[in-house]
Amino acid sequence: MFNINRSLKKGVRYPDKELLDDYHGLHFADLISTPAVRAMSGADNTIEFGDSGYWYTITFDLSLISQSRKEKLMEFCDKFAQEIEIALPRMSKKYKDFYQYFLEDKKKNGVKFSVVP
């Protein structure tokens, strides 16, 4: 369903530094929802994790829709978290703290979506 691949193409910083406080109290599933919805809509979806300098393109592959949706979504979440961990050392403290919060939430609470497709 979803693919996340490192890219040489530059896109937008995710999330924008001005919006970090808007994510306070949210969960890992909330963090990935915006890039996931943009991928499903077909919008250009190249993001940088914080200010790491690592760019990723997130796409939605309709050919995988017949596979278990929940399983594929969880695979995407795991891959998203792995890529964040790779990018962490290159981030400023503000972004590093931001992303570590969401990684800890994922470890502690798992990935809980309001509605799983």
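Quantities reported herein were computed from a predicted structural model and do not represent experimental measurements. Values below: every heavy atom of this structure, side chains too, minus hydrogens, waters and symmetry copies.
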Arg38 backbone acceptor or donor facing Asn45 side chain under 3.5 Å: no

How many angstroms lie between atom CG of Leu88 and atom CZ of Phe98, to the nearest 0.5 angstrom? 11.5 Å

CG on Leu20 to CG on Asp97, rounded to 0.5 Å: 10.5 Å

Any non-hydrogen side-chain atom of Tyr56 less than 4.5 Å from a side-chain atom of Pro35? no

Is the backbone of His27 close enough, under 3.5 Å, to the side chain of Asp30 for a donor and an acceptor to pair up by distance? yes

Are Phe49 and Phe2 connected in the hydrophobic side-chain network, where two residues link if heavy atoms are under 4.5 Å apart? yes

Let me confirm one number: the CG-CG distance from Asp22 to Leu19, rounded to the nearest 0.5 Å. 5.0 Å

Result of checking Lys10, Arg6, Arg13 against Glu48 for salt bridge (charged side-chain N to carboxylate O under 4.0 Å, His left out): Arg13

Does Leu26 form a side-chain contact (heavy atoms from CB on, under 4.5 Å) with Phe102? I'd like the steps, not just the answer. CA-CA 8 Å; Leu26 298 179; Phe102 285 100; 4.2 Å; yes

In terms of hydrophobic clustering (I, L, V, M, F, W, Y; side-chain heavy atoms under 4.5 Å; direct or indirect links), are Ile84 and Trp55 co-clustered? no

In terms of the angle between their ring planes, are Tyr95 and Tyr99 parallel, tilted or perpendicular, with boundaries placed at 30° and 60°? parallel

Should Glu83 and Lys79 count as an ion pair when the cut-off is N to O under 4.0 Å? yes

What closest approach, in Å, do Met91 and Ser52 show between heavy atoms, and which atom pair accounts for it? CG-CB, 3.8 Å

Can you give me the closest heavy-atom contact between Pro15 and Tyr23, atom names plus distance? CB-CE1, 3.6 Å

Is the shortest side-chain heavy-atom distance between Val111 and Lys106 below 4.5 Å? yes

Shortest non-hydrogen separation from Ala36 to Phe76 and the atoms involved: CB-CE2, 4.4 Å

Heavy atoms of Thr46 and Lys9 approach each other most closely as CG2-O, 3.2 Å

Using 0.5 Å steps for rounding, measure from the CG atom of Asn3 to the OG1 atom of Thr59. 4.0 Å

If you take all heavy atoms of Thr34 and Tyr14, which pair is closest and at what distance? CB-OH, 3.7 Å

side-chain contact (heavy atoms from CB on, under 4.5 Å) evaluation trace for Asp105 with Leu31: CA-CA 11 Å; Asp105 175 72; Leu31 178 68; over 6 Å; no

Could you walk me through whether Phe80 and Ile58 pass the side-chain contact (heavy atoms from CB on, under 4.5 Å) check? CA-CA 10 Å; Phe80 200 92; Ile58 301 169; 3.7 Å; yes

Are more than 12 heavy atoms, taken from residues, nucleotides or ligands other than Leu8, located less than 6.0 Å from that residue's CG atom? no

